[in-house]
Structure formats: structure tokens, C-alpha cells
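A short worksheet on the structure shown next.
Just so you know, ligand 1 is whichever comes first in the structure, and atom 1 is the first atom listed for that ligand.
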Amino acid sequence: MIIRLATSSGFCFGVRRAIQMALDASKGRDIVYSIGELIHNPQFVGELEEQGIKVANDVTALQDSVVIIRSHGITRDELRILQANGNTIIDATCPYVSRTHELIQTAIQDGYEVFILGDAKHPEVIGMMSYGNLQTIVIAPGEIPTSLKGKRICLISQTTQQVENLKKLACDILDQVLELKVYNSICLATTQRQNASAALAKDSDLMIVIGGRKSSNTKMLASLCSQYCQTLHIETEDELTADSVLGKARIGLSAGASTPEDRIIKVYNKILKINGEEDLATSVHNIPLFKEESC
Ligand code: SF4
């Protein structure tokens, strides 16, 4: 059995930055609040709680508190409410996400109708929408808007979408519109992770994608890998059974942008144990990486 890890797996720059900012803010304070879970990983969120970083879902309930805005960002109204209620705000919105807010506002000033490719229920997209206007809409992957004759459209993407979905949407509407401006706002970390995972999936009998079930980029990775081989999306090693891995000669591992390294190590070691091996990994650097020329 060969087990290999896709390059660029685990925490991305934006998530690392948000966690570090939260940990720094929690030093010397009993409690700080993050607006929503700091990352989409329930196990890790539990560990942060033990360090005084608590999840708050209702911004109106916070007054004179220390508040961290997670990497997904928040809505304009939520920001106004937090500011009005005397909170100290630590803004850990990922710069890639902040950029989408700026691009949306500029596109509207320039007279474009803004279409956001993404998941309308995802907090990042909800935040993006708040920088739009009444004409701003969210388009789910695979959806094709109609009645666009004579319109000037600006297309922008949730940062964790697949670039193929953005290309397809642009091509699908191009011949309907008067003018089309497209921003590839998919972040570099997402693109690198998707390319590396797809390359590994093409060379594997089974892909195991590790990450929260609510994590958009992890779900996207699992969907991408499943185009090339059998794929399991798991949150922890407890979900792995002997039946799921035995008999597979080449197993690929990949992890979402909000998956801590110790989760990856635990999954790797569980597979080794199922396979009767005793030389377990103590660091993610002990796990062989899959490297492909094009990655
Ligand atoms: S996935 Fe990309 S946009 Fe999202 S937090 Fe990470 S680096 Fe930022």
C-alpha cells in the first residue's frame, strides 16, 4: 500500500493568519469572540474554546467585547453594529476575501450588475452580497442565468470555487450580454490545492479528503477528486474503517484549508495501523508527498 499526501494540504495562509490573530488576541484576556466558527472544523473550534476563543453567532449580543472577524469576513451591517456597540474589532478577514468586497463596490460604481458565483448560504458569499446592490445575485455552479440582453455584467467568484465552473459560467452568458467583465477571484491557495489533489486523485485508487463537512473548499476538493477515483470525505480518523482502505494499493490524502495538521497525521496513522504497520508518523513531514511536474 502506498499512501501519499497532496501538496498544499491543510491550513491555508488566510486560516493560519486568522488563528494566529485570535490566539494573540486571547493572550491576557479571559474571553474573546469570533463571529461564527473561526474555521469550519468542529474539533479545532472546541480546542480554541478551551483557550478562551468563543463563537458568537449574534453580533447584536456583543457589547464592549473583543471580537475577531474570521477569514470569511462578515456583512457590512454586522460590522456597523459591532462598531456602534463599542467592541474592539480584530479584522482577520482574508485579504483575498476583502479584495472581492472592493471589486464588487468598484464594479457597481462603474455601472455593472454583479453576479457572484458561489454558494448563497456560505458566510463568505453572504458577506460579499452585502457589498452589492439590489441587482447583485448569487449564481450556483451549473446554473445559467437568462434575460441578460443588453446588460453589462461583472462576474466574480467565491474564493473557493473551481475555476472550471467560473470559465463555464462566463462562456454560458457571454453571447447574451452587452459587456462581460470577469474577475478570477479564486484564491491561489485554493487553485494550488485543487490542482495538487486532482493530480493525486488521477494516480490513486482511493482519495481521502479530510476536513469539516461545512467547509466549502473541502467539499469542493472531495467533489473534484471524485471525478477521478473513489473518494471519501471525512472529518476525523474515526470515520475510517478497515473495509474502506484494505485492498487499495494507492491511497491519496488531501485536506481542506481549515484542516489542522494533526488531523492529517491521525488519519495517516490510522491507515497504517489498519495495514498492520507500526512505524507511525509524528509530523506531517513524515508523510510522503505526491509531487507532479504540473503542480
Ligand atoms: S481559502 Fe483562500 S481566500 Fe479562503 S482563507 Fe484561505 S487563502 Fe483566504
Side-chain angles (χ1 to χ4, degrees), residues 5-25 34-42 44-45 48 53 55 68-75 78-79 89-105 116-131 138 141 155-166 182-198 209-225 233 235 254-261 263-264 284 295:
L5 177 66
T7 52
S8 311
S9 293
F11 283 168
C12 63
F13 143 78
V15 166
R16 261 183 222 285
R17 176 175 170 270
I19 291 168
Q20 194 55 56
M21 287 171 81
L23 290 173
D24 289 347
S34 78
I35 308 301
E37 293 173 346
L38 201 57
I39 61 172
H40 279 152
N41 187 292
F44 195 75
V45 168
L48 289 175
I53 303 165
V55 176
I68 298 142
I69 299 177
R70 60 183 172 176
S71 57
H72 298 322
I74 56 175
T75 67
E78 286 173 321
L79 182 60
I89 299 167
I90 296 163
D91 188 359
T93 306
C94 179
Y96 286 110
V97 176
S98 300
R99 179 173 169 262
T100 66
H101 299 168
E102 287 159 19
L103 292 175
I104 289 169
Q105 291 176 92
I116 301 169
L117 171 68
D119 173 0
K121 293 194 188 128
H122 192 278
E124 180 190 324
V125 177
I126 294 169
M128 288 170 79
M129 278 295 284
S130 73
Y131 287 85
V138 180
L155 191 55
I156 190 162
S157 176
Q158 183 180 356
T159 56
T160 49
Q161 283 293 314
Q162 291 178 25
V163 74
E164 291 307 320
N165 291 339
L166 181 62
V182 183
Y183 285 118
N184 180 359
S185 47
I186 298 164
C187 84
L188 188 63
T190 296
T191 305
Q192 288 173 337
R193 190 179 312 264
Q194 288 179 357
N195 289 346
S197 298
V209 181
I210 311 153
R213 295 206 195 288
K214 286 196 279 175
S215 159
S216 168
N217 76 87
T218 310
K219 285 190 284 185
M220 205 61 74
L221 278 181
S223 149
L224 183 65
C225 292
H233 175 179
E235 284 190 349
S254 178
S258 49
T259 305
E261 284 186 352
R263 302 286 177 270
I264 302 172
V284 79
C295 283

Taking atom 4 (Fe) of ligand 1 as the reference point, the nearest protein heavy atom with its distance: Thr159 OG1, 3.9 Å
Any donor-acceptor pair under 3.5 Å from Gln194 side chain to Leu224 backbone: no
Location of contacts on Thr190 toward ligand 1, heavy atoms closer than 4.0 Å: side chain
Within-shell test, Asn217 vs ligand 1, heavy atom, strictly < 4.0 Å: no
Check: Glu37 main-chain N/O paired with Arg70 side-chain donor or acceptor under 3.5 Å: yes
Backbone or side-chain N/O/S of Cys187 under 2.8 Å of atom 6 (Fe) of ligand 1: no
Donor-acceptor contact below 3.5 Å, side chain Asn217 vs main chain Ala257: yes
Plane angle bin for His40 and His72 - parallel if under 30°, tilted between 30 and 60°, otherwise perpendicular: tilted
Atoms in ligand 1 with a heavy atom of Cys94 nearer than 4.0 Å: 3 (S), 5 (S), 7 (S), 8 (Fe)
Any donor-acceptor pair under 3.5 Å from Ser34 side chain to Gly36 backbone: yes
Nearest neighbour in protein (non-hydrogen) for atom 6 (Fe) of ligand 1: Cys12 SG, 2.2 Å
